[in-house]
Amino acid sequence: MKTIARAVFTAALLLGTSLSAFALERGGTLTYGRYADSLFLDPVLNDANVDIWILSNLYDTLLLPTDDGKGVQPGLASEYKLADDGMNLTLTLRDGIRFSDGSPITPADVAWSLKRAAKKDNGIWGFMIESIDDVTTEGDKTILIKLKHPDPAILAALTVFNTAILPQKQFEASPGATDEEKAKAFAEHPIGSGPFVLKSWDRGSSMKLVRNEYYWAKGEDGQPLPYLDGINFELIPDDATRILKLTSGEIDGAEFIPYSRVNELKSSGNLNMELFPSTRVAYITLNVRPQLGGKDNPLSNPKVRQAMNFAVNKEAIIQIVTHGVGKPQTSYMSTATPLHVGDKPLYPYDLDKAKLLMKEAGFEGGFSTSILVLAGNQDEIAASTALQQMWAQIGIKLELQQVDNPTRTQQYRDGTFVMRNAAWTDDIADPNEITSYFVYSKTIDALHTGWKSDEADQLFEASQKEMDPKKRAEQYARMQEIYNAEGPTVPLYETPYPVALSKKVHGFLQIPLGNNIFAKTWKEK
Amino acid sequence: MPLFSFVIRRLLQMIPTVIFILIVTFILVRLLPGDPASAMLGDRARDADVERINRQLGLDQPVVVQFFYFVRRVVTGDLGNSIGLKVSVSSLILQRLPVTLMLTGMSALIALVLAVPLAFIAASKRERLPDSIIRGAFQMGLSMPVFYVGIVLLTVFAAQLKLFPVGGYGDTLGDRLYHLFLPALTLALSFAAVLMRNLRASIIEVMNAEYVDFATAKGLRSRVILFRHILRNALISTVTLFGLQIGTLLGGAVITETVFAVPGAGRLLIDSIYGRDYPVLQGLTIALAVLVSLTFLITDIVQAWLDPRIAR
Amino acid sequence: MNATLPILSIDGVSKRFRGPYSLMRRLKGEPPLIVHALNNVTLEVHRGETLGIVGESGCGKSTLARCLVRLHEADDGAVRFEGKDISLFRGTERRAFNRRVQMIFQDPYGSLNPRMTVSQILGEALFVHRMRPKPEIPGRIAELLDLVRLPQDAAGRYPHEFSGGQRQRIGIARALAVEPDVIVADELVSALDVSVQAQVINLLLQLQSRLHLTVVFVAHDLRLVRHISHRVAVMYLGQVMEVNTSEGLFTAPRHPYSKALLEAAPELDPGQRNRKVALRGELPSPLNLPPGCPFAGRCPHVFDRCRTERPLLSPRGRGQFAACHLTDFGTPAPNANNPTGLLFP
Amino acid sequence: MSADWAAARSAFRLKALPRSLVSGGVILGLSLVLALWPSLLAPYDPTAFDYSALLAPPSWAHPFGTDNFGRDVLSRVIHAYTIDMQIAIFATIGPFIFGTIVGAFVGYAGGLWEAIFGRIVDATITFPFLVLVIAIVSVLGPGLGNMYVAVGVVGWVFYARLVAAEIKVQKRLDYADAGRVMGYTPLRIIFRHLLPNAITPAIVYWVTDMALAILLGSSLGYLGLGAQPPAAEWGVQIADGKNFMNTAWWISVFPGVAIVLTGLGFSLAGDGVAELLRVRR
Amino acid sequence: MAMSANMGPNGNTDGNENAGLVVRGLTTTFDTPRGQAIAAADVDFDVAPGEIVGLVGESGSGKSVTLRSIMGLIRKPGRTTGHVDWRGRDLVAMSSEELRRIRGSEIAMIFQEPMTALNPVLPVGLQIEENLIAHTTLTTRQRRSRALELMNIVGIPAADRRLDEYPHQFSGGMRQRVMIAIALACSPKLLLADEPTTALDVTIQDQILKLLLDLRDRMAMSVVLVTHDLGVVAATCDRMAVMYAGRIVETGAVAEVFARPRHSYTRGLLGSVPRSGTSRTMLQSIEGTPPSLTNLPTGCAFHPRCSFATDICLKERPVLEAVTSPTRTVACFHHERVAEAEAIL
């Protein structure tokens, strides 16, 4: 842990020196173009990335992820200590920290917030802290967390948005009978302890944040963060429009720049085209159930899957889809995910081998199959169109089916889909989340594919309690080996987060977990 | 008095229309594959999560029961709460519909401003060069997909010439009008083309009417003949078309609002389809149906006002 | 067949149309406005004769013509063809009736299907009523064209290629194709130019004697009606005011309205000018019929009884009927108000 | 027989064709040729990738440039004629036939039928057309076949409305009464007499509706609900090229031109057909 | 008739005020896809002050076109040449603004179908006042009272209320009265009437014709009355001109022409109309149909239908020449033979 902390410190220092090349300026409002609006600003009950990725600006957590997304650093808790048996965690709150309404943050608020987050059926994120047994307080600064079992990921879990600390009294004073109703009311005017406060929200149009006067962290100039007076999130779903608004100077930053535009914006004089390292991987999910729609499913044959993998020219796809921005996957998890193993691209393009495997699998003549594509999603269309061409080489005739998201999700959940495009981003600085979904069959049937490896399941269960980092790393190495060899996915590429910012904007960061960090952002006048 | 009974009759006619639309919408949205929970929760949801949410929304009830509850709520004026956005549907509609109204209103205005003088020029220079140019240009306007026109206008007028903002929606009224100009123009082009075509034909027809000859024989000034006798009569048939096209205009707003990042009802409608946000979809459909029906009513009244023969 | 039996008889036929029913009227519980197009009309048409029906617009003469061919069904009373109520005809009986009673229409532009050639129009009538076996149809078409004196090359042409008079001939040929007994001619020549009118009238006269047709000739032009008819019925506001022989009507009308109608028609003799207006006032609306005589409002001879009691059509001498309380109106005895002698020297 | 000769001469007599019909017809004729035999003119396979020429600007080798897959844009524009002309016809012919028949009956029957039909019309025109089509396509699944169904479910109403209105006018004319006096059956009067005279507005609308169908198909293609990749369709192509408007304008501009040109062809032809079918009296 | 001086026509006439209307060589052609149609050719006629001249002919004979040409109402693709002298000024050569000042004030026009000639969406009062706005300096109130006065002159009861009504609320006869009121607004010296009674019922026609005669006397104006009805001419006009295929073929005093027509067409027209005492006999019709204006026969345009025609009629076109008196003209090589032929009556 220490080495990580040191690395972070060094990185921060480097970043700091590079920043100090400019004279830091405080004040001003940053206008940031988002592709979709948030839905629900409750950290526990929210459902989607559109909420998750900006929540840290409103709500603070006890611990914070490091900027590389792999480690943990102090947040509202200035100190934390995990007992040697791994069953107890002690945290100490910072001095004088307050919520955005000025009320002090007490251990009681913390205990209540964590218990609410851990409560079964409260939202869909509780699984990350399912190990928490009880939370108690001691004095006016100390929090004791008792675990059901040793949890190697508990520290990382306390950086995740759903463990954000909310003021118990104000929350419970919100109108409504149930927790959900109260949360609905509370989330309209959230009170947290993040660097910003929600000022106004015009759903589907814009969201205005202003600086939180009570935020605890200090900036480089020794004054409290954030530097900005406020942030205006403007909702601009159309990619081209979002970029046009940025280039015309109407907004200062824009997220989700299409890969096709990255090189163009890079060469633009007044923009910084940022490619933030991410945990994002893009892949094709294959349904490997032996029978599908009453017919034998060729995809259930691992050799077929390997053949399909070998038949994909990843470099070409990276060119076509990401315009060179992405890179080939070396494991099912991204290189930015802790405990990632792998140094060379999976399944190098090898048509002969693919054909051979098809022959061995008894599908020399190929077969017809289909893939779900999110309607209108240019990346998925491009990737699938390329796959259609590539797999045609080994006799697989691929039909593209564009559907809307709910339709796709339903087929996915029902396990009736054949293939689908998919992408994944970690929410926690630990490999357990992605592995639980991809590999472990008991979460959602390994991405609803019906794939199952008893060995991997056992390894995963063991790793969830394994406190020895080295042993845990070995477990993950083995799981990656199994999955990468015969798993139900065709890994395509991993990509950074493409964010374009005006040259006047400094200090913005999107960490590999996706969180947009505006605390240290400042803007030249 | 005849106008009054005419209005009442039209209002009564709206009732079966709205009920019909209500039933169609209700059935249609429930035929859509996927449910609100799937739409909301995305790929990571577990089955238990999905079931819990559908139970909360009452979607585990039989469809007939759902419809009954729905109608009961609508009758009491409650359109329910948005599943995705977690606010009441009525507040959402009140927030979004005015934007779309302003957009369609503006584009209707632009279309009129474009179509009326040009139709007159085309009609008076019939079969000659100005007529051919005007008709050709509008023909093209009619043949271009709305999204394409939008992108082109955006690129040229906003990004290159920087005459207009790229999109979005301002805060003050003036600012909003300024922001909505380009999207309104986008919508207006094809609308103006339809209007122009119709108006040109009716101006030609009216020009040949005997009362225009009679007006000439009375020694009236040409300006009087043009405005009082030709244009007013020519507008009568165009008013109907104008009303009918409002529905089309609202449909076009769906795409325009997406391209120009205008937070209007059209986009909300699409979002609610994609989000399987049943209450919003239903509420919005009712609101739009009532709105369009009212537009028909207003155009009928305007027509009755223009043409005393209608309200007998 | 009984020779004295009229081929068509109209027994007390009434026809009403619903007028606009405004919401205000509905709310007030008032019944919808009713247009009384025909009001208890009784007439007979004898075999081989020409019955003229004359009157101004809105008098119901066209409605009556349409009732005769079942384009309208009578609300009250009955139209009888050879003694049988035509509204009871069904199936083959109805087809036979349709064949035997034909109509020729006013509008030479609207009465022919513009998308059918003349031979298609005629051929269809022949085919549907199986007038001739299929191979003989072209020959029959040629005969029909000859009959109405149209050139043979007319067969392949469309209606718009003909003049108005020629089109009326096509209409006549279509009616004759099914070899009817009765022809109802509704304003047959009123849309035609004077010189062409004469041609068509002459043709009709010729055809009638050659084919022994019974003709009901409906028109507003008194001169024409007089010229072509054996007997004339004068209608006003849905009622028959007078039935008279053609010459009887024109020399001594038995109803004040008939007389006014005759006086209003400009004479062809410039020496016969006068400056007196024949009949003042407007035609009343058929929406709200007065309780008494429909002509009471404009009649120069009106007296109290006319406004309360509706006069019935009653006999006035040989073959003459009138609906007027002045039963001796128009009798040969000279009358100060009757300048008949001045009109017809 | 001279009458027959006259009939034949009259039937085949060439009317002076309206100018707009000629120009529209030329455009549509060429479009149809491209639609039927795209391979004759398309220099490349429209779905073949060329990794060595991604996003190549127009050149002699690729007159319209290439797209992000290195596919030849010219070939794709040409091959798209097959799909788009198919959309124009298939999306409209069903509604045209069904709507015409329903409209003919409703217009002739009047009364209660007309009142019921009036409410259906109201409801249909009240509902934004595009939204309804999107919803129906979402229910049925994406693809051209389902798009035709969706357009048909909504579109027949417009034809029926036009035909019903015109039948109502025509049935009051004397020639309809002449048919009744002749004892012709209602079916014969409707289809042999009234419809040929009442159908002109529907045919004119049909021609322009085909252009609208292409626009709708493109809009749905743009939204991903129409033609499915790798098929070339103009709306899909424009959607593909949307992100390259600044760097590779040729991807979306040429299909855009094709849409406008074809739309123009249909519009002109519509005007021309209206002129040609105008009843001469 | 009381009328203040400023309501009359402009006083700046520099020509002979008593000359009336002199039409010379008036020719109007239309370019059609099938060639040039000569709708009116070389039309010469005069109208003396206070005179009613009837312009008679069948449809397409050019009578309405002649009337519209006088008024300058011919629009593209039509073209008018020749001279129309009105009080010493040529209306054809005049600037459009000059013409506008004369239209509606010195010369007024009424049309056949008041339903289409009145603007359906404007109240009739406004349509009267428009005329006054265009040609007088009357105040709003004066205009209103003048409108009321006009309504009374033409015999519209309850004028005060009816000024605010729309044309569709009037009956056919009343509408024609409204149109006459509009035409009379500025006390014109010449009234051009284009078939003013054709659409009316016979009793209403009688009223309107008598009204016109009455107004002519009261206002001392000249009238050109276009009609196809010889009865109307006989009952109303002082002199008449008969048109055929765009040309005037015969003119003269009404009584003379009726008594002894000198053109075979005039003779045929008179013969086509049924007269009393000729019931159910063949009418003396003119065979054939009027020629197409784009394809006129050579020589005399009437020769294919003329029973008097000889070779010269095929080759040469007869010119309109004075015969018995300077105002009795005819365009026929055989007018003597026609005049000698058996009388029609």
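Source: prediction; values computed, not measured.
Among the candidates C:Q166, C:R280, C:H230, the residue making the largest number of heavy-atom pairs closer than 4.5 Å to chain E is C:H230. Heavy-atom pairs under 4.5 Å with chain C were tallied for E:L200, E:I286, E:T289; the largest tally goes to E:I286. With respect to chain E, the highest number of heavy-atom pairs below 4.5 Å among C:G58, C:S209, C:G281, C:S229 belongs to C:G281. The most heavy-atom pairs under 4.5 Å with chain E, out of C:L268, C:V277, C:L283, come from C:L268. When the candidates E:G173, E:P157, E:G231 are compared by the number of heavy-atom contacts under 4.5 Å with chain C, E:G231 comes out ahead. The candidate with the highest count of non-hydrogen atom pairs below 4.5 Å against chain C, out of E:L269, E:D229, E:T236, is E:T236. Your options are C:T50, C:V194, C:L222, and the one with the most heavy-atom pairs under 4.5 Å with chain E is C:V194.
Between the side chain of C:E56 and the backbone N or O of E:T203 there is at least one donor-acceptor pair closer than 3.5 Å.
Ion pair C:R273/C:E267 not flagged as a salt bridge, since none of the NZ, NE, NH1 or NH2 atoms sits closer than 4.0 Å to an Asp/Glu carboxylate oxygen. The existence of a salt bridge linking E:R260 and E:E256 is excluded, since no basic side-chain nitrogen approaches an acidic carboxylate oxygen closer than 4.0 Å. Ion pair C:R275/E:D217 flagged as a salt bridge, since at least one NZ, NE, NH1 or NH2 atom sits closer than 4.0 Å to an Asp/Glu carboxylate oxygen.
Within the 4.5 angstrom heavy-atom criterion, atoms from both the backbone and the side chain of E:E58 approach chain C. Using a 4.5 Å cut-off between heavy atoms, C:Q206 touches chain E through backbone and side chain atoms alike. In this structure, the portions of C:N274 lying under 4.5 Å from any heavy atom of chain E include both its backbone and its side chain. For a residue to count as touching a neighbouring chain, one of its non-hydrogen atoms must lie under 4.5 Å from one of that chain's; by this rule C:S57 touches chain E with backbone and side chain alike.
A cation-pi arrangement, defined by a distance under 6.0 Å to the six-membered ring centre and an angle within 45 degrees of its axis, is absent between E:R305 and E:Y265.
Close approach to chain E, defined as a heavy atom under 4.5 Å from one of its heavy atoms, is seen in C:V196, C:A198, C:Q199, C:I201, C:N202 of residues 196-204 of chain C, taken by number.
Counting only heavy atoms from C-beta outward, the side chains of E:P274 and C:R226 never approach each other to under 4.5 Å. Side-chain atoms of E:Q112 and E:T197, non-hydrogen and from C-beta on, never get closer than 4.5 Å to each other.
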- Test E:T251 against E:V242 for side chain to side chain contact (heavy atoms under 4.5 Å, CB included), laying out the working first. CA-CA 6 Å; E:T251 72; E:V242 181; over 6 Å; no
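Legend: residues meeting salt bridge (Lys or Arg N to Asp or Glu O under 4.0 Å) with E:D206, ordered by chain and number and at least two apart, are E:K210.
By the 30° and 60° cut-offs, the orientation of the rings of C:F295 relative to C:Y236 is perpendicular.
In summary, the aromatic rings of C:F329 and C:H301 are positioned with their centroids under 6.0 Å apart.
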